There are 2 protein chains.
Amino acid sequence: MTKHSEIACLSKASIFKNLPLPLKKKLVTITSHQDFFPKGSLIRQPLDGQDGMIVIDSGHAKIYSLNEDGKETVLGILSKGDSTGQENLFSQKDHENFIQATEDCLVCSMNRRDFQAMLNETPDLSLTLLNDFGQRLIMAEKNTIRRNSMNAQDRVLDYLKEEGTRAGSTSFTLPFKKKDLANFLGLTPETLSRQLNSLQVAGQITVNGQQITLNN
Amino acid sequence: MTKHSEIACLSKASIFKNLPLPLKKKLVTITSHQDFFPKGSLIRQPLDGQDGMIVIDSGHAKIYSLNEDGKETVLGILSKGDSTGQENLFSQKDHENFIQATEDCLVCSMNRRDFQAMLNETPDLSLTLLNDFGQRLIMAEKNTIRRNSMNAQDRVLDYLKEEGTRAGSTSFTLPFKKKDLANFLGLTPETLSRQLNSLQVAGQITVNGQQITLNN
DNA sequence: TAATTAAATTGATTTAAATCAAGAAAGGAT
DNA sequence: ATCCTTTCTTGATTTAAATCAATTTAATTA
């Protein structure tokens with residue numbers, strides 16, 4: 001593993017990519033680089049003793065919680081460059097969510113103690129993180145609004161458009177199973193299936209397995 | 001307005017209350033103290049040019065958004081000591097939510113530029129804020145789980161218990177209109193009314209106007 | 001590649017909560 | 001106090017999405 005690829009890993013993470021190079025170099029020293037997780041394996045789970053944050057270097061993963069009766073709630077999807085766990089870097093409580101690799105994943109991670117020490121020395125890093133957190137809070141609110149004021153079809157369309165924007169193309173592959181997407185949108189797989197079909201009949205989208213094309 | 005009350009204002013804000021005194025003193029210098037907003041008035045609204053954060057010194061306020069067809073989504077409720085707007089302190093975008101005083105309010109505020117300058121000098125403050133943000137993100141996830149895996153009645157009960165914990169008593173006054181509470185929980189006022197009634201019949205709570213008592 | 005398991009789709013039915021409607025209670029304004 | 005407006009409640013009805021059920025399709029595994 002070359003130093004170059006280590007810097008590259010951090011540079012992919014949206015949360016770090018705009019940091020000045022010297023800061024990145026410092027971060028490299030406290031980062032565990034590119035651990036491999038095969039598809040289906042758990043990257044994090046409650047009581048695993050892990051307290052840091054992770055960055056997805058390649059592959060996809062999903063974050064979910066399980067309630068007492070085993071019901072799963074999909075809280076988010078991670079793609080290349082996404083990070084999660086920052087919210088645990090500052091609390092003493094253990095995380096309570098599962099993170100599962102939905103494809104083979106390479107993952108970079110850093111632990112709480114190292115990171116906190118680093119934050120104390122580097123105000124720039126704090127500001128970057130604060131900015132990122134702010135964005136996430138705004139996203140969370142947006143999601144609440146979406147769920148509160150949109151019906152099934154509009155939620156699906158809204159998500160697909162967002163995904164299209166993210167992909168920078170009208171054509172893209174769903175980054176995870178429809179089952180999980182349904183849950184993420186607060187729907188059942190059956191309802192999602194019907195809505196996708198209905199949108200296709202209306203000519204708004206073209207669906208081909210996991211491949212989606214937005215028309216207009 | 002005495003210096004003492006100015007410090008007191010910051011000390012009430014959960015986000016600042018654990019800061020060391022010297023830091024609080026510094027913050028006081030960039031804070032606008034105790035602006036008065038009568039019940040019903042808007043503390044913040046889109047395009048008002050305000051870009052900072054606020055702390056509620058007394059009274060209650062609600063945060064909500066309006067979509068194109070005028071539908072309101074209640075995003076949160078602010079009580080004494082609560083703060084909001086931190087998420088805007090780091091982005092250049094203007095805020096898009098309304099904040100309305102639901103009672104007469106005294107509000108402290110600080111603007112983006114002053115605050116950012118201060119952050120650069122005081123890493124401790126960044127850490128405190130990061131911690132707070134982390135908590136909020138965790139709360140937002142909790143809320144998603146609640147909405148995804150609870151029916152109307154459980155959502156209401158869950159909220160009431162949370163409020164009871166917050167109030168530190170089994171008896172408390174709802175901090176805002178049932179109409180707004182319903183919206184906040186993703187319900188209609190009719191459904192909330194029925195669920196409160198049903199919980200009372202089941203002996204779980206006692207309802208008297210805005211006054212709620214939890215039994216057991 | 002066949003066998004097995006999981007995911008996705010399609011149809012029929014149920015249901016929880018929304019909507020519609022109307023009256024009662026509470027808050028503000030004059 | 002009286003009027004007017006908004007909120008709250010209660011009942012009847014509708015409806016969007018969930019659930020139940022059965023295939024088809026796709027993905028894993030042996």
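Computed over heavy atoms, backbone and side chain alike; hydrogens, waters and symmetry mates excluded. All of these numbers come straight from a predicted model, not from anything done at the bench.
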Compare the minimum distances between each of [options] and the side chain of [X], then state the nucleotide with the smallest one.
{"X": "B:Ser193", "options": "D:dC8, C:dT9, D:dT9", "result": "D:dT9"}
{"X": "A:Gln195", "options": "D:dT9, D:dA17, D:dA18", "result": "D:dA17"}
{"X": "A:Asn197", "options": "C:dT10, C:dT9, D:dC8", "result": "C:dT10"}
{"X": "A:Arg194", "options": "C:dA17, C:dT10, D:dA17", "result": "C:dT10"}
{"X": "B:Lys179", "options": "D:dA18, D:dT7, C:dT9", "result": "D:dT7"}
{"X": "A:Thr188", "options": "D:dT19, C:dA8, C:dT19", "result": "D:dT19"}

* To do: Remember a base hit wins even if backbone is also touched, and classify A:Gly186 as base, sugar-phosphate or nothing at under 4.0 Å, heavy atoms.
  =>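 The residue A:Gly186 makes sugar-phosphate contact but no base contact.
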
Whole angstroms only, please: what is the [atom1]-[atom2] distance between [X] and [N]?
{"X": "A:Gln200", "N": "C:dT9", "atom1": "CD", "atom2": "C1'", "value": "13 Å"}
{"X": "B:Lys177", "N": "C:dG27", "atom1": "NZ", "atom2": "P", "value": "11 Å"}
{"X": "A:Gln210", "N": "D:dT25", "atom1": "CD", "atom2": "P", "value": "16 Å"}
{"X": "A:Leu185", "N": "D:dA17", "atom1": "CG", "atom2": "C1'", "value": "14 Å"}
{"X": "A:Asn208", "N": "D:dT25", "atom1": "CG", "atom2": "P", "value": "14 Å"}
{"X": "A:Lys39", "N": "C:dA6", "atom1": "NZ", "atom2": "P", "value": "14 Å"}
{"X": "B:Leu187", "N": "C:dA16", "atom1": "CG", "atom2": "P", "value": "14 Å"}
{"X": "B:Asp104", "N": "C:dG28", "atom1": "CG", "atom2": "P", "value": "10 Å"}

* To do: Record whether the side chain of A:Glu190 comes under 3.5 Å of the base of D:dC20 through a donor-acceptor pair of N or O atoms.
  => yes

* Please step through side-chain hydrogen bond (donor to acceptor under 3.5 Å, both in side chains) for the pair A:Ser79 and A:Arg166, ending with a clear verdict. => CA-CA 11 Å; A:Ser79 301; A:Arg166 226 162 82 104; 3.2 Å; yes

* Can you measure from CG (A:Asn97) to OG1 (A:Thr73) and round to the nearest 0.5 angstrom? =>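 Reported to 0.5 Å precision, the distance equals 9.5 Å.
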
* **Side-chain N,O (B:Thr191) to OP1/OP2 (C:dA18) below 4.0 Å** => yes

* Mind checking whether B:Tyr159 and B:Phe184 have parallel, tilted or perpendicular rings, split at 30° and 60°? ->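 Because their plane-to-plane angle is over 60°, the rings of B:Tyr159 and B:Phe184 count as perpendicular.
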
* Asked: Should the pair B:Glu72-B:Lys62 be classified as a salt bridge under the 4.0 Å nitrogen-to-oxygen rule?
  -> yes

* For B:Thr213 and B:Thr170, run side-chain hydrogen bond (donor to acceptor under 3.5 Å, both in side chains): C-alpha distance rounded to whole Å, both residues' side-chain angles, the deciding distance at 0.1 Å, then the answer. => CA-CA 6 Å; B:Thr213 306; B:Thr170 56; over 6 Å; no

